[in-house]
Amino acid sequence: MTAKLMTTPFGEDHELFRQQCRRFVEKELAPHAGEWEEKKGFPSEVFRRVGEMGYHGVLIPEEYGGAGEDYLMAAVWCEEMARIGSGGVSAGLGMHALIVLPAINRFGNEEQKKRLLLPAVRGEKIGALGLTEPVAGSDLASIRTLARREGDHYILNGSKTFITNGNRADFVLVLCKTDPGTGYKGFSILIVEKGMPGFLQGKPLEKLGWHAGDTAELTFENVAVPVANRLGEEGMGFYNAMANLEWERLIMALGTVHGAQLAFDKTRTYILQREAFGRPIGKFQVNRHKMVDMAVEIEAARQLNYHALRKLVNGEECAREVSLAKIFAAKMGDYVATNCLQLHGGYGYMREYEIERFFRDVRINSIGGGTSEILKEIVGRIMGL
Ligand SMILES: Cc1cc2nc3c(=O)[nH]c(=O)nc-3n(C[C@H](O)[C@H](O)[C@H](O)COP(=O)(O)OP(=O)(O)OC[C@H]3O[C@@H](n4cnc5c(N)ncnc54)[C@H](O)[C@@H]3O)c2cc1C
């Protein structure tokens with residue numbers, strides 16, 4: 001007899017962790033999402049509370065205060081964050097815990113890890129990642145931020161934009177050029193810390209979605225950054241910034257699918273309650289079919305994600321699978337948001353119903369973390385095209 005096959009990549013431990021995350025999110029974060037969206041910001045206290053729960057440290061070894069878990073456990077936290085119902089909050093928490101801290105853990109030296117990871121895992125210090133510049137996003141090799149070595153410091157000049165957690169970050173991993181003219185080997189990553197003279201953190205930018213999120217411009221005017229704050233080797237910055245891209249992209253796809261599933265579930269409830277022409281609107285065949293069409297897309301996106309996640313966890317090459325998953329999830333998210341909003345009629349257009357927020361928030365997924373066009377270029381190259 002054939003052994004029973006696993007239907008998801010997750011085991012019993014992951015599902016127990018999921019229940020714990022879900023209880024926390026539903027009790028302590030989701031009830032405030034509407035207020036934080038209206039106020040266009042969420043308190044830094046949220047980072048500390050999430051730190052107390054241990055979630056920032058999911059990928060960080062125990063010696064630096066974390067839980068030392070793998071990508072599967074982190075994927076669970078990532079999925080459950082979608083239940084907050086505010087892309088801006090989950091993006092801020094996710095950027096800190098799932099992107100910035102693992103980069104320090106991977107490339108940092110002992111002093112940097114002790115000094116930054118321990119308080120960051122507790123949520124007492126908040127991290128950000130500064131790659132994008134006003135003049136260069138997709139084409140990162142064209143960034144202009146420049147660090148000139150002077151003794152035991154780098155003198156940093158330039159600017160970054162669209163930086164998640166940028167306004168309140170206590171430290172930012174800044175990709176810059178240390179040796180322009182030497183191609184990909186001319187980049188380094190510097191850890192720029194709040195309060196360093198010449199480091200300016202702009203106010204959160206006004207956005208279509210992610211209203212509770214802090215997305216800011218950063219400016220560096222002759223900032224003297226100690227050489228001890230360089231993350232990884234000089235000249236390895238570009239490679240190190242790209243080293244975890246598959247995971248960083250998959251995070252967005254996982255969040256998109258979970259968010260779409262929630263919007264779908266809310267819509268299902270709504271269309272069974274709302275009546276028109278003497279029956280629930282969900283009982284019209286056209287709407288029933290619309291729901292099934294959405295279910296197909298969500299399920300397909302979920303399976304693409306899990307296929308890519310399995311390969312990532314196995315340590316296999318997965319640039320193609322992750323790119324396909326993110327491209328598909330982003331398209332699916334827009335499609336599901338449009339249809340769920342339509343099924344809510346006028347109420348879908350109202351702030352009061354979370355479908356409106358999902359519709360705005362989900363739009364980022366084909367832009368952030370590598371646009372769908374750039375991902376198609378990657379897959380095209382892999383295909384030999
Ligand atoms: C809310 C938000 C949060 C963000 N957070 C962060 C963050 O924390 N840290 C960070 O560093 N960045 C962050 N970003 C930046 C994000 O990663 C970039 O916006 C993204 O990489 C695209 O870069 P760009 O905006 O410069 O667009 P561009 O690169 O100017 O692209 C514009 C358009 O041209 C297309 N295009 C570009 N090159 C090609 C090509 N070769 N072939 C076909 N089409 C092409 C793109 O696909 C896109 O449609 C964030 C962005 C947003 C909106």
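Numbering of ligands and ligand atoms starts at 1, following listing order. The first residue of the sequence shown is numbered 1, and numbering continues consecutively from there.
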* Asked: Between Gln342 and Lys290, is any pair of side-chain heavy atoms under 4.5 Å apart?
  -> yes

* Asked: Are Tyr349 and Phe359 close enough that their ring centers fall under 6.0 Å?
  -> no

* Asked: Considering only heavy atoms from C-beta outward, does the side chain of Leu101 approach that of Tyr64 to under 4.5 Å?
  -> no

* Asked: Any non-hydrogen protein atom below 4.0 Å of atom 11 (O) of ligand 1?
  -> yes

* Do any N or O atoms from the side chain of Asn165 and from the backbone of Gly92 form a donor-acceptor pair under 3.5 angstrom? -> yes

* Asked: Counting distance only, does the side-chain N/O of Arg230 pair as donor-acceptor with the main-chain N or O of Gly232 below 3.5 Å?
  -> yes

* Asked: With hydrophobic residues grouped by side-chain heavy-atom distances under 4.5 Å, do Met294 and Ile281 end up in a single group?
  -> yes

* Asked: What are the atoms of ligand 1, with element, lying closer than 4.0 Å to any heavy atom of Trp210?
  -> 1 (C), 3 (C)

* Asked: Quick one: nearest non-hydrogen protein atom to atom 49 (O) of ligand 1, plus distance?
  -> Glu373 OE1, 3.5 Å

* Would you say atom 4 (C) of ligand 1 touches the protein, meaning some protein heavy atom is under 4.0 Å from it? -> yes

* **Beyond-backbone contact of Leu309 with Leu72, side-chain heavy atoms, under 4.5 angstrom** => yes

* To do: Check the pair Glu206, Lys40 against salt bridge (charged side-chain N to carboxylate O under 4.0 Å, His left out), reporting the backbone distance first and the verdict last.
  => CA-CA 9 Å; Glu206 294 283 337; Lys40 302 203 170 159; 3.1 Å; yes

* Can you find an N or O of Phe162 that's nearer than 3.5 Å to an N or O of ligand 1? -> yes

* To do: Would you mind checking which non-hydrogen protein atom is closest to atom 41 (N) of ligand 1, with the distance to 0.1 Å?
  => Ile374 CD1, 4.0 Å

* Asked: Do any nitrogen or oxygen atoms of Leu129 come within less than 3.5 Å of a nitrogen or oxygen of ligand 1?
  -> yes

* Structure fact -> Nearest non-hydrogen protein atom to atom 24 (P) of ligand 1, with distance, is Gly137 CA, 3.9 Å

* **Asn109 and Leu231, any side-chain heavy atoms less than 4.5 Å apart** => no

* Is the shortest heavy-atom distance from the side chain of Glu80 to the side chain of Ser90 under 4.5 Å? -> no

* How far is atom 42 (N) of ligand 1 from its nearest protein heavy atom, and which residue and atom is that? -> Glu377 CG, 4.4 Å

* Considering Leu140, Thr164, Thr215, which one's heavy-atom position lies nearest to atom 8 (O) of ligand 1? -> Thr164

* For atom 2 (C) of ligand 1, which protein heavy atom lies nearest, and how many Å away is it? -> Ile364 CD1, 3.9 Å

* Asked: Looking only at atom types and distance, does a side-chain atom of Lys207 sit under 3.5 Å from a main-chain N or O of Trp210, one as donor and one as acceptor?
  -> yes

* **Aromatic Phe42 / basic Arg168 pairing, under 6.0 angstrom, 45° off normal** => yes

* **Gly369: numbered ligand 1 atoms lying under 4.0 Å from its heavy atoms** => 17 (O)

* atom 53 (C) of ligand 1: protein heavy atom closer than 4.0 Å? -> yes

* **Nearest neighbour in protein (non-hydrogen) for atom 20 (C) of ligand 1** => Ile367 O, 3.5 Å

* To do: Would you kindly specify which portion of Lys160 sits under 4.0 Å from ligand 1, judged on non-hydrogen atoms: side chain, backbone, both or neither?
  => neither

* Asked: Does Arg148 count as lying over the ring of Tyr154, i.e. NZ or CZ under 6.0 Å from the six-ring centre, within 45 degrees of the axis?
  -> no

* Aromatic ring proximity Phe24/Tyr55, centre distance under 6.0 Å -> yes

* Might you check, step by step, whether the distance between atom 39 (C) of ligand 1 and some protein heavy atom is under 4.0 Å? => yes

* Carefully, step by step, assess Met242 and Leu140 under the rule side chain to side chain contact (heavy atoms under 4.5 Å, CB included). => CA-CA 10 Å; Met242 300 295 133; Leu140 270 185; 3.5 Å; yes

* Asked: Looking only at non-hydrogen atoms, which of Val172, Thr132, Leu218 approaches atom 16 (C) of ligand 1 most closely?
  -> Thr132

* ligand 1 N/O within reach of Thr371 N/O, cut-off under 3.5 Å -> yes

* Right, does atom 44 (N) of ligand 1 have protein non-hydrogen atoms nearer than 4.0 Å? -> yes

* Using a 4.0 Å heavy-atom cut-off, say whether Asn165 meets ligand 1 through its side chain, its backbone, both or neither. => neither

* Taking only heavy atoms of Ile163, which atoms of ligand 1 are found under 4.0 Å from at least one of them? -> 7 (C), 8 (O), 9 (N), 10 (C), 11 (O)

* Under 3.5 Å, N or O to N or O, is Gly368 touching ligand 1 that way? -> no

* May I ask you to list the atoms of ligand 1 that are less than 4.0 angstrom from any heavy atom of Met95? => 8 (O)

* Asked: Less than 3.5 Å between some nitrogen or oxygen of Ser138 and one of ligand 1, yes or no?
  -> yes

* Please confirm whether Gly370 comes within less than 3.5 Å of ligand 1 when only nitrogen or oxygen atoms on both sides are compared. => no

